[in-house]
Structures are given as structure tokens and as C-alpha cells.
Amino acid sequence: MASDTVPLRLFNSLTRRLEEFQPIHEGEARVYTCGPTVYNYPHLGNMRAYVFADVLGRTLSWKGYALTHVINITDVGHLTDDADEGEDKLEKMAAAKAQSIWDIARHYTEAFWADVKALNIRAPAQWTIATDYVPQMIEFAKAIAPKHCYELDSGLYFDVSTVADYGRLARAVTEDGEGRIDQVAGKRNAADFAIWRKTPPGETRQMEWDSPWGRGAPGWHLECSVMSGEVLGFPFDIHTGGIDHREIHHPNEIAQNQAKCCTNGLDVAANSGANIWMHNNFLVERSGKMSKSSGEFLRLQTIIDRGYHPLAYRMLCLQAHYRSELEFSWEGLQAALVRLKRMVMAHQGLIAFADRQTKARVSESFVEKVVTDVDEATSDDLATPKALLPFELLVLQGLPKFNAEVAEDVRQAIANTRLEAIERLDWVFGLNLSSTTRADLRIRPKSATITEPEIEAALARRKEARAAKDFATSDAIRDELTAQGVEVMDGDPLGWEWKLS
Ligand code: AMP
Ligand code: ZN
């Protein structure tokens, strides 16, 4: 661990306690995050889960742990109901669109990766694609089948009564809770789930493989157990996902991991396959536009189309604790954007003043305290709303007001020191202050009838006219721009801004 940071405490959903992070492998942090099911675009809420996992990863790296982060891509096996009823989500979408399932998976995986990039989420060490691991899934199922599974006409089922403490992670009643209506004849327990789904006789699926239990496809829960165990090794440090996964998907992963590793009760957290299970709360929206099944749903692209920079959404996420519900609103997004913009502007001012060529640095207790406060807040179960405050203070403060006696080289040294601290801390938040400009953060109306290069060209013409003292032309250009929703701002380095009605 980096010696100048405080210990990291994280809330473990399995033990329901805050726990100090103790790596299983000295100096390392191994993290698995449940990835998206790529049958559709990710909605904004899904992306909250990956901003959260990214902040966790950045915090672990900041603290000096060598991070191995794995995020999977579920391109097969996730049914329309988490508890093993219904159709495969990808098969269903492929049929509806009359497209190949592989094309659907590729298209939505790439769309997800574009959102990941736009939100400045770091790429994990590995993206594991479920269909690349089918042979390993079959091996895993073969290993646990004799003691823990039974076969029905529809597939190979996991008997949850064969492991200790089944469902301890879940908050709902697991035996007959939501989504557990037993529709499969012959299941021994309502919570038993398919780890291999046989293709019904007379049908073919676009994605199917041979197995000892007949042709078919793996169950969704099996996929994550296999990919996490294969890449990170059981037990690994941290497993993350959204709170919906705490109810069915993760209890089922845990049961499989116990079966595979021959571990017993969950009083010992590592017996579950991971030491810490973490869950982000939901992003909600009053009119229900956060559910893909509702047809029209909010995507990152929706906010970009409305003219918002995607990092405004990252700021919105950071302003809430990951374990709190976050309500989406356009007003909230606007406020997050303005907050980010103020920070970017102050940061640009400091960059303009600092001289990176000089090596001079000074120690300022104010800066040191900010770094400590940010570290303490993030170490307290990733309390980003609290951590943002001292960071913001440092950024907005910029340079102190110097009196005339302060020599130029001292001013420069202070600027350099502050800039360095801001950039180190910004790395943890991932707000990208250094490479985002005020112009990037302009809200761009979708209805714009003029492009930005055209605006810049018109302003250049106006500048020439003014230089030639041709004020009639200069005014005419300004009026034309005003009519197209562009406010010309003489004397402001930004030059112009969209005037939103
Ligand atoms: P899925 O593609 O449905 O498997 O979901 C991808 C990730 O998004 C999972 O970790 C889910 O738990 C998470 N998730 C789903 N809905 C929301 C939401 N409204 N807010 C935050 N996370 C969500
Ligand atoms: Zn998963």
C-alpha cells in the first residue's frame, strides 16, 4: 500500500459490514465486475455501475495496489427473467430484428465500449466474452454436477440445498421471493437454477454447443463463476455489480463457487469465491425511462444528443454515494455540468500561469490537507460526494492572492505544486480536468442550424470587419449569429456561447 494513504474500508454486502481491504495476494487487488448483457444499448443506469467500478479500481490503484480488473460481456445465456424463466435476451432480440445474434452482440458491445470511453472509465485488464469460455463452463459444470446438480428435460439444474447458507447475500426472501415462481416441473427447490439449458427437441438456437447434457447453452450465472475464477483465481478480492444482482445472480454465483471450490459456510467470506461483494444502488427516473423493456430509455447518447458533455453524467454519479439511490433529472445533470465547467475554467487559469519547465515546488499545508481529506473520504467506502468538496476547493481557489513582495519564482512554485496535486487527485475522480476545455463543455442544442466551424468562420470575418472599422458588417454578422442562437461574447476568451431558450 502507498505509505501516505489511509487504509481503505469498503462495505461488504455479504457480511453487511464496513471492512478494511486486505488483499489476498500481497500488493495486488483482483476485481471482477459483472458486465452488460449485449442485447441492447446500455441505459444510463447501467453506466452508473461501471462508473462505480471504475472509481473503485482507481482508488485501489491510487493506494498502490497492482490492479487486475475483469469485466465480462454477456453475449449468451441471460434470460428475460433473472431466475431462469423466459427466453434468452439475445436470441429474442436477434429474432425481432431478423439479424444474426453474433452481429447483435458485436454491435451492442461496441456501443457499450463507446460509452465506457466517453465516461473516462478505464479499460479493465481484460474484457472476458462469455462465448469465449464455453468449454471452461462445460468443465466447471462437469466438476460440480455429481454432487450438486440434477438433470431435467430442459437442462442441468443446480440444487441449492447442497451448499451451506444459500442466499445469504440476498435481502429478499430467497425461497419464494420475487422472480422465483417455480415454473419448471421437477425442480427440487424453487430457487434451483439452470446451469445448462438444453435446446428443446425440434428447435435450433443460433448459439448452441454440445455438452454431456445435450446440445444447448450455458446458464448466465455459470458464466460469471467461470470467467471470474478462470482469470482471477478463487478466492479473489472484490466482486461488484448493481443491487439487482445481490438478489439472484450473485447468490447463484456464490453457490456454484462453493460447489467448485468445495468450501463450506459463508461465515468465512472467502468461501463465496470473493472476499468482498460490493453493489451499487440504482439510478432511477420517475417516468420509468431507465428500463430497457420500456422501449424508449435513457442512454448516454440521449444526453449527448441534448448537447451535454458525457463527463457531466460522470460528475452526477460522483455527487451521490454509490450505495444511495440517485434520481436522474435534467436539472441535476445541468447542475453537474456547471460544477464541472467552473472547475475546468479554474484549472485552465492555473495551467496558463504555471510554468512546467521550472522544477520549483513548495510545500503548502493547505494542499497537503486537501490531499489527505480526499484520500480519507474515498477510503471511507468511496465517499465521492464528500471527497469532491476539498478537491473542488483546491481547484476553484487557483492561486492565492499574492502581495507585491512575493517573487515570481515563488508564485510559479506554488502554481506548479497546486497543479500537480490537482492532477493527481483528478486522476482518482476521472473528471479529466486537464484535457477538457470550457469549449468542450458547451451545451450544444440539437436544433442548431449552424455548425461550430461556421460560427468560428463568421467570427473571423467579423474580426476582420472590425479591424477595417466596417462596423455595419460586423454588426450584421453578430445579428445573423444571434438569430441562429449564438451569443457573441466580446472580451470573453470563449468568444461565443449557445443561447438556449
Ligand atoms: P445488465 O446489462 O442488465 O446485466 O446490467 C448491467 C449492470 O447494470 C449490472 O451491474 C446491473 O446491476 C446494473 N444496473 C441495472 N440497472 C441499473 C440502474 N438503474 N442503475 C444502476 N445500475 C443498474
Ligand atoms: Zn455476472
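Just follow the structure's listing: the first ligand is 1, and inside any ligand the first atom is 1. Just so it is clear, the values below take in all heavy atoms, side chains as well, and ignore hydrogens, waters and symmetry mates.
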### Query
Taking distance alone, with no angle check, do Gly241 and ligand 1 share an N/O pair under 3.5 Å?
no

### Query
Do Arg48 and ligand 1 have an N or O pair less than 3.5 Å apart?
no

### Task
Start with the C-alpha distance between Asp375 and Trp62, add both sets of side-chain angles, then the distance that settles side chain to side chain contact (heavy atoms under 4.5 Å, CB included), and finish with yes or no.
CA-CA 9 Å; Asp375 178 54; Trp62 151 266; 3.0 Å; yes

#### Entry: Numbered atoms and elements of ligand 1 in range of Pro36, under 4.0 angstrom, heavy atoms
2 (O)

### Query
Of all the atoms in ligand 1, which lie at a distance below 4.0 Å from a heavy atom belonging to Asn280?
21 (C), 22 (N)

### Query
At the Zn ion (ligand 2), what is the angle formed between atom SG of Cys224 and atom SG of Cys34, rounded to the nearest 10°?
130°

### Query
Thr33 near ligand 1, heavy-atom distance under 4.0 Å?
no

### Task
Answer side chain, backbone, both or neither: which part of Phe52 comes under 4.0 Å from ligand 1, heavy atoms only.
neither

### Close side-chain approach of Arg314 to Ile121, heavy-atom, < 4.5 Å
yes

### Query
With a 4.5 Å limit on heavy-atom distance, are the side chains of Arg306 and Trp330 in contact?
yes

### Query
Which of the listed options, Asn72, Val284, Ile243, Asn46, holds the heavy atom that is closest to atom 13 (C) of ligand 1?
Asn46

#### Entry: Option of least heavy-atom distance to atom 11 (C) of ligand 1 (set: Val51, Asn281, Asp244)
Asp244

